[in-house]
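Everything numeric in this text was worked out from a predicted model, so none of it was measured. Position 1 is the first residue of the sequence; numbering continues from there.
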Amino acid sequence: MSVNRRVIAAPPEAVFDVLANGWLFPSWVVGASRMRGVDAHWPAVGARMHHSVGAWPALIDDSTSLLEWDPPRRAVMRARLWPIGEATVQLDVAPHGSGGCEVTITEEPSSGPMAWVPDPLAEIPITVRNNETLRRLAFLAEGRAS
């Protein structure tokens, strides 16, 4: 399991504005390269975003579904990337300082080959990727808040 944190100079609501727009997914999630569709009822629990990962011509089409949606505090998603597997991704947002927030992203491979990799080995690439993911999320949320 990988846990990353970042203080963002924007209120929690600005972070959830970004998360609520499924079409922005590849703008903040490292590895997602394009959106193919977003269910009309996104961000309702059970809704899915249909995305691709990788670079042409080696693209993998898959989806991410929403398991929990509790703005402006928490969102939980199941990210699919078969044949690599699935992961549960939890974003917790808490107020921090004067008008900002702290975002914690917790990611745990839940099925498929990545779930079989020992935690210390799987954690390294996930931690590096999620540091950049939080940086991108901060840029989008802070841009909305200004």
Query raised in the report: Step by step, would you call H50 with D39 a side-chain contact (heavy atoms from CB on, under 4.5 Å)?
Result: CA-CA 8 Å; H50 308 274; D39 288 357; 3.1 Å; yes

First locate atom [atom1] of [X], then atom [atom2] of [Y], and finally report the distance between them rounded to the nearest 0.5 Å.
X: R78; Y: E68; atom1: CZ; atom2: CD; result: 12.5 Å
X: E86; Y: R80; atom1: CD; atom2: CZ; result: 5.0 Å
X: N130; Y: R5; atom1: CG; atom2: CZ; result: 12.5 Å
X: L134; Y: R136; atom1: CG; atom2: CZ; result: 11.5 Å
X: R48; Y: S65; atom1: CZ; atom2: OG; result: 7.5 Å

Enumerate, atom names and distances included, each donor-acceptor pair closer than 3.5 Å involving a side-chain atom of residues 6-22, sequence neighbours excluded.
| residue | atom | partner | partner atom | Å |
| --- | --- | --- | --- | --- |
| N21 | OD1 | W23 | N | 3.0 |

Closest heavy-atom pair and its distance - [X], [Y]:
X: L59; Y: S33; value: CD2-OG, 3.3 Å
X: S2; Y: I126; value: CB-CG2, 3.4 Å
X: L137; Y: L91; value: CD2-CD2, 4.4 Å
X: T64; Y: A79; value: OG1-CA, 3.7 Å

**Report entry** Contacts of type side chain to side chain contact (heavy atoms under 4.5 Å, CB included), residue T106, not counting sequence neighbours
**Finding:**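 Scan of T106 (side chain to side chain contact (heavy atoms under 4.5 Å, CB included), adjacent residues dropped) gives M1, V3, Q90, T104.
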
Consider only side-chain heavy atoms of I, L, V, M, F, W and Y, link residues closer than 4.5 Å, and tell whether [X] and [Y] are in one cluster.
X: V53; Y: I105; result: no
X: W42; Y: F25; result: yes
X: L81; Y: M77; result: no

Requested in this report: For the residue pair H51 and S63, confirm or rule out a side-chain donor-acceptor distance under 3.5 Å.
Outcome: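 Checked: H51/S63 side chains show no N/O donor-acceptor pair below 3.5 Å.
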
Query raised in the report: When you look at CZ of R129, are more than 12 heavy atoms from neighbouring residues, nucleotides or ligands closer to it than 6.0 Å?
Result: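 More than 12 heavy atoms, drawn from other residues, nucleotides or ligands, come within 6.0 Å of this atom.
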
Could you check if a side-chain atom of [X] sits within less than 4.5 angstrom of a side-chain atom of [Y], using non-hydrogen atoms only?
X: M35; Y: P26; result: yes
X: S27; Y: L24; result: yes
X: T88; Y: S110; result: yes

Query - Pairing of D61 and R34 as salt bridge, 4.0 angstrom limit - result: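 Answer for the salt bridge query: yes.
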
